[in-house]
Structures are given as structure tokens and as C-alpha cells.
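What's counted below: heavy atoms across the whole structure, side chains too, no hydrogens, waters or symmetry copies.
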Amino acid sequence: MYDFDQHAHRNTELTDAVVTVQQLGRFGLSRRARTRIDHALVYVSAQGTYEPFMPPERPGTTRRFTAVYEVDTGVHPLRAEFALPSDNDAHEFEVAVELTWQVVDPARYVRSGCRDVPRLLSAELERAARPVARRFPISCSAAAEEALLFEVGHGKPLGEDAGLRTDWTVRLRRDPANTEHERELQQARHRMELQGYEAQRIAFYQHHLAQGGVQAWALHLAQHPEDTRLALDSMQKNQLDLLASRLEQVKALLGKEGAEAHELRATRQLMFDQINEALAPGPHRPSSEKAPSDPPPGYGRRPFPPAGPKAGS
């Protein structure tokens, strides 16, 4: 009859490696204890000594012992999560630990009194990792992880005082609130970059269309056909600006200080032709290509006075 029994089997997830505890009578057991072959036995004497028997060894007699501990010596996986502070207490690193543990010194394990291996190992790792993580800002999770693996990994082995052997690795990442904040900043920067790029493209088309740089933007459209709509919009705006400028010229000419009516006959016709061409569908040529090389007859000159009456008339 056992004083303590976890009723553990091979698939049981253990927190304590001690599977059973049994007090022994004055003359020892009447029969040898039945234990699994992969479990160690730790016998305790009346003098307080601990004598381990690794599998498959077993004692020949138990008369000098008062109790026996059955200890699981298998390899057990463990996953743990906790938080570590960064250099700013407002932000914390989230830590995920992948670890395996095994009792390699059963007598030391029993003597340590450990009854919760995951809590023991998580606490030791957190104490060792906390001063390392505090040296890094929250944005440097990769550097903090590398330093933690190196410094803690080369320090005192986890669980050594409890007779354990451990293999472990950790992963550090920023807390969700900080990660979301960084994602929003990146998206905002991306939108600003796109807006700046669009502004540069618009300025490019407006400048070259205003200057009549047909070859420049035609070459660009050949390489970037997706900009066709933007070019057409810029062409329309350019034509409207040109039209507005010419209308202002007409108003100035027709004002009180303008030229006389007979001087404006050819000018009116030229302006009407250009306005009709600007409003007509299809691409337009720059105004410099439409202007005639010579002014129309009578443009900018006063007519000669009529000749006097002929002699004899």
C-alpha cells in the first residue's frame, strides 16, 4: 500500500517526478516493491541519507531504510509563457519557452523537495532572463532574444539544484499592443509615400504638358501604360488652364483700353479657332504649333488713308 500514488503511466503529463512514496516497516517489506523498469528508487534511511538505485538496479534488502521514493527518469516536454520587461516598463516582451526536463540525480531531486517542475524551471529562467531583457528597447526583440539565449544558456543550468537536466529555447516577441501600434505606423508611412509618389507623377505630367514636352511623357507612358488616365486628366487640366488664360487675354483686348474694332477682327477669328480646337475631342497640339508664322493681313497695322480724287474726275 502506497502513502502517495500519482497513478501515472507513460502518457501522463507530470509536474512532479515522484510517482509513489511508501513508508517501510521496521523489518522492511515482506516482498520486493513492484516498479517500472525505467523508474529509479530512492531509499531513505533513519539517519536521513538518500540512496538511489537507477534502473534496473534494486536493493537486496530494505531493512535499514524507512521509506522509498519511486522517481520517473524519463524525458518530459514543457511549454511555458511569461512576460519580461523591456528598457521601458510600459512595454513587455512576450516569452514562449520550449523545454524538456529529465531527472538525472534522483536522490538530489527527492532531497530538494521539488513538487512542481514546470514552475521551478519557469521561475529560474525568468529570474535569469529579466536583467538581460531590461537592456533592450521593445523594438529590438530579436537582439534581446539572441542575448538571452547566449547569456542564460552559458550560465548555471536550469534545474541543476534539483537534480534535473534541461534543454530549452525561447522566443521573444513584442506585446500585441506594441505590435499593432508599429503596424499602424508602417501603414501610415506607406500611405504618405504613395501620396508623395502620386503628387510627383501629377507634377510631372502637368509640367511637361504645359511645356509641350510630348516626347517626354509619351516615352513615360510607353513604359508605364497604367499612368494613361493620369496623363489624360493632366492634359485636360492643362487645356482648361490654357483656355482660361486666353479668355483673360480676350477680355483685356475688348476692354476700354483695348485696340479699335477694326484691329481686332483677325484676332477674334484666331482666338475663336483656337478655342474651338481646344474644346474639340481628341489630343491637341501645343498652341505654339498652331500659331501662324505671320500675322493676318491688317493685324497690328492701321489701314492706309484713301487716295484723293483723281485729276479730271
Side-chain angles (χ1 to χ4, degrees), residues 11-18 71-106 108-201 224 226:
N11 297 323
T12 301
E13 185 176 340
L14 296 178
T15 58
D16 183 4
V18 173
V71 181
D72 187 301
T73 56
V75 177
H76 302 277
L78 171 64
R79 178 178 174 83
E81 295 183 355
F82 53 87
L84 288 176
S86 65
D87 65 343
N88 183 344
D89 288 335
H91 303 289
E92 292 183 326
F93 295 109
E94 289 190 343
V95 184
V97 183
E98 297 287 345
L99 182 148
T100 59
W101 62 271
Q102 180 184 19
V103 176
V104 293
D105 190 339
R108 178 179 284 191
Y109 180 81
V110 173
R111 193 166 48 245
S112 72
C114 176
R115 293 297 175 261
D116 192 334
V117 174
R119 179 177 294 180
L120 170 71
L121 297 177
S122 296
E124 288 189 5
L125 179 58
E126 185 175 354
R127 284 196 300 270
R130 182 177 293 271
V132 179
R134 276 197 177 277
R135 303 203 306 260
F136 296 88
I138 193 64
S139 59
C140 297
S141 58
E145 177 180 299
E146 183 178 0
L148 191 153
L149 287 170
F150 179 80
E151 297 185 29
V152 179
H154 286 75
K156 184 177 181 179
L158 298 179
E160 183 181 53
D161 291 341
L164 302 175
R165 179 172 61 200
T166 58
D167 292 308
W168 57 273
T169 186
V170 297
R171 178 186 176 189
L172 266 69
R173 57 181 180 270
R174 290 178 287 180
D175 60 82
N178 184 267
T179 302
E180 181 62 26
H181 178 67
E182 181 65 22
R183 184 179 296 112
E184 292 176 355
L185 289 178
Q186 291 178 353
Q187 292 176 350
R189 284 195 297 263
H190 181 63
R191 287 194 295 268
M192 292 179 63
E193 290 175 359
L194 289 178
Q195 292 172 357
Y197 177 64
E198 288 296 321
Q200 291 177 358
R201 292 166 63 195
H224 302 279
E226 69 277 7

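- Listed here is the closest heavy atom pair of D87 and P137: OD1-CA, 3.1 Å.
- Judged by distance alone, the side chain of Q102 and the main-chain N or O of T73 form a donor-acceptor pair under 3.5 Å.
- R171 and E145 make their closest contact through CA-OE1, 3.3 Å (heavy atoms, listed as atom of the first residue, atom of the second, distance).
- A distance-only check finds no donor-acceptor pair linking the side chain of E98 to the backbone of T169 [under 3.5 Å].
- The two residues L14 and W101 come nearest to each other via the heavy atoms O-CZ2, 3.7 Å.
- In this structure, S86 contributes its side chain and E92 its backbone to no donor-acceptor pair below 3.5 Å.
- Here side chain to side chain donor-acceptor pair (under 3.5 Å) pairs that include residues 115-127, with residues two or more places apart or in two chains, are E126-R130.
- Here L84 contributes atom CG and L172 contributes atom CG; the two are 6.0 Å apart, rounded to the nearest 0.5 Å.
- The two residues R79 and A96 make their nearest non-hydrogen contact at NH2-CB, 3.8 Å.
- Proximity of a side-chain donor or acceptor of S112 to a complementary backbone N or O of C114 within less than 3.5 Å is detected.
- Proximity of a side-chain donor or acceptor of Y109 to a complementary backbone N or O of A17 within less than 3.5 Å is detected.
- For E146, there are no side chain to side chain contact (heavy atoms under 4.5 Å, CB included) partners two or more places apart in sequence or in a different chain.
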* Asked: For D89 and R134, what are the C-alpha separation, side-chain angles and deciding distance, and is it a salt bridge (charged side-chain N to carboxylate O under 4.0 Å, His left out)?
  -> CA-CA 9 Å; D89 288 335; R134 276 197 177 277; 2.8 Å; yes
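- Each side chain to side chain donor-acceptor pair (under 3.5 Å) pair with one or both residues in residues 149-161, not counting sequence neighbours, appears once here: R135-E151, K156-D161.
- Residues satisfying the side chain to side chain contact (heavy atoms under 4.5 Å, CB included) test with D167, not counting sequence neighbours, are T100.
- You'll find the side chain of V110 reaches within 4.5 Å of the side chain of V71, heavy atoms only.
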* Give the intermediate values and the outcome of side chain to side chain contact (heavy atoms under 4.5 Å, CB included) for residues W168 and V170. => CA-CA 7 Å; W168 57 273; V170 297; 3.7 Å; yes
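- Evaluation of the side chain to side chain contact (heavy atoms under 4.5 Å, CB included) rule for A143 yields F136, C140 as partners, not counting sequence neighbours.
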* Begin with the C-alpha distance, continue with both residues' side-chain angles, and end with the deciding distance and a verdict on side chain to side chain contact (heavy atoms under 4.5 Å, CB included) for L125 and V97. => CA-CA 9 Å; L125 179 58; V97 183; 3.5 Å; yes
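- Between H76 and D72, the side chains place a donor N or O and an acceptor N or O closer than 3.5 Å (distance only, hydrogens not considered).
- With sequence neighbours excluded, no residue satisfies side chain to side chain contact (heavy atoms under 4.5 Å, CB included) with P131.
- Here the CZ atom belonging to F82 is positioned 11.5 Å from the CD atom belonging to E94, to the nearest 0.5 angstrom.
- Paired with L164 under the rule side chain to side chain contact (heavy atoms under 4.5 Å, CB included), one option of L121, V104, D105, L158 passes, and it is L121.
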